Amino acid sequence: MAIRPYDLPLQADGSSRFLPWFIGLMVYLATLTLALSLMLTSAIQRWDAGLQGSLTVQIPAPVDGSALPPERLAAVLSLLQRTAGITSVAPMNLAAEHELLRPWLGTSIDDTALPLPTLVDIHTALGSKIDTGKLEQSLAAVVPGTSVATHDRWLGSLFRAARLIVLAGEFAVGLIGAGAILTIIFTTRTGLLIHHDVIELLHLVGAQDSYVARQFQSHAFRQASGGGAFGMGLALITIVFGGLAAAFGQGGDEAMTFQGFGITIIGWCALLLMPVAAGVVALVTARVTVLSILGRMS
Amino acid sequence: MRFGTGPEILGDIDLSLSPGGFYFLTGPSGAGKSTLMRLMYLADRPTRGRASLFGRDISTITRSEKPGLRRRIGVVFQDFRLLNHLSTVDNVALPLRVAGGDDGTVRSYAAELLRWVGLGQYLDVRPSTLSGGQQQRVAIARAVITRPALLLADEPTGNVDDAIAFRLLHLFEELNRLGTTVMIATHNQTLIDQFNYPVLHLEEGRLSQTRQSVDQGIS
């Protein structure tokens, strides 16, 4: 079967040389932005799941610098175990606390001399609502100065910031899409002007507007999906190399696996479909542009 | 008929072509022959008066109705209007392709027609590499490929020698015998003299008859 030729010489237009590169760049930026948004969303979900139902009780060290008397700790633990909704209570040993501080203080300071508070990790039952204010008051009655940290205060701010970044990313993808649409409208209008004579001839031999639109839309689809595939490929290389660099920087290899990026299978599919999405957007934009302009003619 | 605020190019023309008729249209350059043709192949609308084609008033037809009517009209343009990025066979196949014809069938039919007009060895070349006469034959093949109900040819023999011109006129006659109404705008008096068909003479935008009567008269 013979291949249907283009009746309009759109491939020869100057815009045909520039459009795939432009769309490639747009898809590159959109893919990177989308990937970062997906990674951040996944990270938020992981932090949220990890810290949900978790509290920390902080028992201050005695002012004289001595160790917390065991009976005081036992009293606190007993009170916590009796509190409804608490499922596990685990005091952190002093060595583990020093280990936590090591990255901040370094090895040159003798941190064993520091009067560290005793920390108790608490996990609560799913859906239980513990009044942390009341619990803090009860604990303070047993050991004055004891406080309850809910993580909500600092996590809330962190989540808000992260979600704002995700929203900004989605907005940026939207802007990139709008930029691509405007470019396709511009190149389509230019094509209509350049090929005015050929389009008139097509009409005179009986072509409908939709026939002319098909010429533009299939050309736009090929250009955008081709450029998009290039942009997406480049973006995936950037993501993989970025992930590897981050993994090597941390001395781990978590980022070397797909799961390490924190992007789900659906997320990866969305990224891989970017060139098709770019092609479809270009196709629809070119079609609507051609039909609306030709439709205004007599 | 006038363009913008310019002078009237055609005026007070009362013309009716009988279906299946064969007509020559003559007149000096600038008399309005091409404008009359443009009205007939629906490239322009009349600025006043009434014109109808296949029983439809062309002043009031909608844009979506035009393709259907245009597919019943074959046009040979004075400047050929061939697409130089397509091969000759694809140029000839164009009217059938836009009508949704199958590519393989359309191309073989177009190739057959090109062989008939003596261009069988130029199927896959670009029109720009052909001589003026050859391009004209490609344009004629494109105009007749749909076996149109109305064939309008603007100087279709202007770039060919007499032998080819007569052969082309015989092709038009053959189409005419199959029921196509033919109107040929030409300056070629020898051709007009050789074929005994009604002659419409256009001068300064006014139409007159110089040979034989046209069915419903010219006034």
Side-chain angles (χ1 to χ4, degrees), chain A residues 1-20 187-223 286-298, chain B residues 37-38 40-45 58-77 79-87 89-111 123-124 126 139 142-143 145-146 148 152:
Chain A
M1 188 182 154
I3 296 168
R4 184 171 280 251
Y6 270 122
D7 294 329
L8 289 168
L10 297 169
Q11 305 94 311
D13 291 356
S15 61
S16 289
R17 287 189 287 277
F18 131 87
L19 190 64
T187 53
T188 304
R189 292 178 72 104
T190 308
L192 282 167
L193 281 173
I194 291 172
H195 302 294
H196 172 265
D197 287 349
V198 183
I199 292 165
E200 189 192 41
L201 177 73
L202 290 177
H203 280 134
L204 291 178
V205 298
Q208 290 174 321
D209 290 347
S210 57
Y211 184 87
V212 178
R214 272 201 297 279
Q215 301 270 318
F216 277 93
Q217 74 196 38
S218 58
H219 177 69
F221 180 81
R222 284 184 207 188
Q223 295 254 297
R287 182 176 178 82
V288 170
T289 306
V290 172
L291 289 179
S292 80
I293 291 175
L294 293 182
R296 284 201 291 270
M297 293 177 178
S298 61
Chain B
M37 291 261 182
R38 283 182 65 83
M40 293 175 77
Y41 59 70
L42 305 176
D44 294 315
R45 287 176 193 268
I58 63 171
S59 313
T60 58
I61 54 168
T62 62
R63 186 172 177 79
S64 61
E65 288 173 313
K66 282 184 179 177
L69 290 175
R70 282 169 170 159
R71 286 176 193 176
R72 299 173 67 186
I73 306 169
V75 186
V76 182
F77 300 98
D79 54 355
F80 320 136
R81 300 189 72 167
L82 299 173
L83 303 180
N84 282 320
H85 65 284
L86 297 181
S87 64
V89 73
D90 283 327
N91 267 280
V92 174
L94 192 62
L96 289 180
R97 208 163 55 238
V98 302
D102 169 67
D103 279 328
T105 316
V106 161
R107 273 176 69 89
S108 68
Y109 189 35
L123 299 183
D124 292 314
R126 297 282 183 260
R142 184 182 63 192
I145 195 168
T146 54
L152 302 169

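Below, read A as the first sequence line, B as the second, and so on, with proteins coming before strands; counting in each chain starts at 1. Keep in mind that what you see is a predicted model, and the values were worked out from it rather than measured. Basis for what follows: all heavy atoms, side chains included, without hydrogens, waters or symmetry-related copies.
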Shortest non-hydrogen separation from [X] to [Y] and the atoms involved:
X	Y	value
Leu201(A)	Arg142(B)	CD2-NH1, 3.6 Å
Ala43(B)	Leu204(A)	CB-CD2, 4.0 Å
His203(A)	Arg70(B)	O-CD, 3.0 Å
Pro67(B)	Gly206(A)	CB-O, 3.4 Å

**OP:** Return yes if some donor-acceptor pair links the side-chain N/O of His85(B) with the main-chain N/O of Asp7(A) below 3.5 Å, else return no.
**Re:** yes

Subject >> Among Asp209(A), Val212(A), Val198(A), Asp197(A), residue most engaged with chain B (heavy-atom pairs, under 4.5 Å) >> reply: Asp209(A)

Original post:
Of all of Gln208(A), Arg214(A), Gln11(A), which one pairs up most often with chain B through heavy atoms under 4.5 Å apart?
Top reply: Gln208(A)

**OP:** Step by step, work out the side chain to side chain contact (heavy atoms under 4.5 Å, CB included) result for Arg97(B) and Val205(A).
**Re:** CA-CA 10 Å; Arg97(B) 208 163 55 238; Val205(A) 298; over 6 Å; no

**OP:** With a 4.5 angstrom heavy-atom cut-off, could you sort out which part of Ala99(B) is near chain A: side chain, backbone, both or neither?
**Re:** neither

